[in-house]
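Here's the structure, in structure tokens; my notes come after.
Residue numbers begin at 1 in each chain, while the letters A, B, ... track the order of the sequences.
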Protein chains: 2
Amino acid sequence: MIGTRASELLRVVHENPDVTRADAARLVGIGTGAATELVARLTAAELISERPAEPSGRGRPTTVLQPHPKGPLVLAVAFTHESWRAEVVQLGGAVVACDGDEEMAHAYGEGDRILVEVKDRLTRLRRRFRGRIRGMGVSVPGLVAMDRLVEASTLGWSGVNLATLWPNAPVTAVGNDATFAGAAESRRGAAVGAAVALHIRVDAGLGGALVENGRVLTGAVGLGGEFGHIPFGADDVECPCGARGCWGPSLDGHALARLLDHPDPKDPVAYARRVLAAAATEAGERERQAVEVVAARLGRGIAGLVNAIDPDLVSVGGLGVDYLAAASRSLDDAYLAGLMAFRRSDPPPVVAAELLEGGPVAGAAEEAWARLWPLLPT
Amino acid sequence: MIGTRASELLRVVHENPDVTRADAARLVGIGTGAATELVARLTAAELISERPAEPSGRGRPTTVLQPHPKGPLVLAVAFTHESWRAEVVQLGGAVVACDGDEEMAHAYGEGDRILVEVKDRLTRLRRRFRGRIRGMGVSVPGLVAMDRLVEASTLGWSGVNLATLWPNAPVTAVGNDATFAGAAESRRGAAVGAAVALHIRVDAGLGGALVENGRVLTGAVGLGGEFGHIPFGADDVECPCGARGCWGPSLDGHALARLLDHPDPKDPVAYARRVLAAAATEAGERERQAVEVVAARLGRGIAGLVNAIDPDLVSVGGLGVDYLAAASRSLDDAYLAGLMAFRRSDPPPVVAAELLEGGPVAGAAEEAWARLWPLLPT
DNA sequence: GATATTAAACTCTGTTGTCGAGCAAAAACA
DNA sequence: TGTTTTTGCTCGACAACAGAGTTTAATATC
């Protein structure tokens, strides 16, 4: 077990890349004496290292705290509905290596086969860094309970145990892609500094995360943030989840197709992007209207969640970024109308996610790091 | 500032009334040596005292840790739409004195006048305990932001600053009644032991709280838990909050009256109780049906929140207790149907609150205590 | 009734973490 | 060249804590 101060210092280094040692000491709230001892211990433990800082004024020059070149790493793996990607991430969030496939051919229903291949590639990465990789975060577009994938309807995977990708990993964090993206936005993206941040991600499904002071509220079994299954939608649409009236299916690609009287698309995300592209053209009046309807539904739902949860800020990711860009007026109008009246004068801002498609991997790395802290040796 | 161990011991004593000293030491995770020193210090500081415990087997008899007879107290004040009540609460949650009025005549719109009287009575209580009262929690049926009452439509109060009840109180916690009731259920009621507990309280309005490991998620400005303004209701009903389709107005007394074609009741809570009483009689078929509709709406909404938040347990308070008792079948059916299918085999239980009308006061006391911990002297 | 057993409390000691004061170092400024 | 400013290092005082051994007060057993 690591001392609490040491743990705090590591967190400061992680959250503020290239902090100077003096600033870090101030942030942790210790004197220079204690900082000397702490930094020495963490350097000896090969967790951090120092390099001279840019001289920035008068006074004795300080050093910059950075990850140790032999320090611990985590593996962040993210699956989307059509590809996978792995990153090796060091303290501070920098990526030191990556691997992955753009095309995960025939992934549908073949969870086990794909996993064997991915496992192999991950093992190779781990071998390459000889024991330095100390934990793994895995992001999947689906329902994840108790670190086990319950269902990923877009992949046709069900009951897959993703912990088998690295059987005896010291720490494993399996989570929903939207949840991880929310975590990443709070720590390295649009929601940095928000004490209570709400993230909403529209993708094949709709999900999100509620992050309070950097901690994701994952719920009792890890299913917190499944906002897509709140009944904000119309009762006549049945959700793949088995309930009716879910919010998610009212604003994804399928919803756009219904609004445009198109046949149900096979890849709703790609379809939605096509509709968005068409809406941006001269001739896309019908598409524009459909996007506005969907954006309004997004805004209305966000308002309900803001009323209930009271966040500082709402970030939207995935297709939400496009909806926001293409129909911000509709979204905002619906958002404001749905808020409790007295909130309308100073509503929590609704902003686009900054990490975009990198959110889920980054979040997986963050969560793996978060679980690794308590295990790091002195 | 108090030592962390000392603070933990106090919390243990607070959360487990009549713990023995030996058990407390085990719960804090310290040896008997450290316990001796800690207990001595806290006794000297007049925070706790000891009395011999019932001998319960062989071995040296231990003592029971209890609040010190001269120890600190908090004031818990709770307003309802027709009365107010104050309790003086000691460490551990026991009430040592109380005051209040059943009838708060003509309270509507007269926030300032009532407050002058309440303030007077509270000052008298504080004088009676000569400096021992160290903090205050105030529960109000209305929207509370930044410890200030924003609006209480049932009382006609608006912009009232409840901190003036005790201007320079060392700690003040002003909050919504449903939020406080949720806090109380998590710590002394039906949700004890639930890591993530969701509380829903139907009263004049609908509110609640999300409690994670004993901590209430109050949101950015303290408005977290206003679940009544999530748009689960029909769009044709306008909520007093200014939005449309809010959940609260779809299952309160007004909603029952609409279902029964009665004129809009002045006191929706009393009206709802009359309908519930009628529903329990032979001749109350129409009332029974109305209650079932409302109970189903409650169940459906709870399902949506469970999908999104993933709690261990849901407790319902206020009129919700009666809905649950009178139409548990309708509520459960709607609840299960609204859950994601894979959850239906093992859904989080929906239970009645245990503290009933005592919830808000108890929660106000708990929150005041929670804010008092860091200020207690060594 | 005498002795053993058990659980708890007390005492003492060595260790560790922390804070602060004073001093040294390395730069910019005058 | 000296002064100022910021930072890092060393050391001593102090409090918190763990652990071992001792004492105390009850029950259990003979």
Give a yes/no answer on whether the side chain of A:Thr62 brings an N or O atom under 4.0 Å of OP1 or OP2 in D:dG8. yes
Please say which of A:Arg187, A:Arg371, A:Arg11 ends up in a salt bridge (charged side-chain N to carboxylate O under 4.0 Å, His left out) with A:Glu366. A:Arg187
Any side-chain heavy atom of B:Thr123 sitting closer than 4.5 Å to one from B:Arg127? yes
Please check: side-chain N/O of B:Asp312 versus main-chain N/O of A:Ala220, any donor-acceptor pairing under 3.5 Å? no
Side-chain N,O (A:Arg5) to OP1/OP2 (C:dT16) below 4.0 Å: no
Apply ring-ring contact (aromatic ring centres under 6.0 Å, His included) to B:His14 and list each qualifying residue two or more places apart in sequence or on a separate chain. B:Trp369, B:Trp373
Contacts of type side chain to side chain contact (heavy atoms under 4.5 Å, CB included), residue A:Thr62, not counting sequence neighbours: A:Thr20, A:Arg21, A:Ala22, A:Ala53
Can you build the contact string for nucleotides 23-30 of chain D? Use B for base contact, S for sugar-phosphate-only contact, and - for no protein heavy atom under 4.0 Å. BBBBSS--
Can you pull out every side chain to side chain donor-acceptor pair (under 3.5 Å) where at least one residue sits in residues 215-224 of chain B? Sequence neighbours excluded, please. A:Glu212-B:Arg215
Taking A:Arg132 for its side chain and A:Gly71 for its backbone only, find out whether a donor-acceptor pair lies under 3.5 Å. yes
For DNA chain D, which residues of residues 15-25 of chain A approach it to below 4.0 angstrom with any heavy atom? A:Arg21, A:Ala22
Need to verify one output field. Residue with the more 5' nearest nucleotide on DNA chain D, B:Gly33 or B:Glu37? B:Glu37
A:Leu42 atom CG is separated from C:dG17 atom C1', nearest whole Å, by 14 Å
For atom CG of B:Leu9 and atom C1' of D:dA16, their distance in whole Å: 15 Å
Nearest-Å distance, CD1 (A:Ile30) to C1' (D:dT7)? 14 Å
Please check if the number of heavy atoms outside B:Arg51 that lie under 6.0 Å from its CZ is greater than 12. yes
By side chain to side chain contact (heavy atoms under 4.5 Å, CB included), which residues pair with B:Val88, not counting sequence neighbours? B:Leu73, B:Leu75, B:Val96, B:Ala97, B:Leu125, B:Phe129, B:Ile133
Is the distance from OP1 or OP2 of C:dC10 to the nearest side-chain N or O of B:Thr36 less than 4.0 Å? yes
Start at the 5' end of DNA chain C and walk down; is the nucleotide closest to B:Glu50 or to A:Gly29 reached first? B:Glu50
Interatomic distance, A:Glu54 CD vs C:dA26 P [rounded to whole Å]: 18 Å
Take the protein atom CZ of A:Arg41 and the nucleotide atom P of C:dT16, then report the distance between them rounded to whole Å. 11 Å
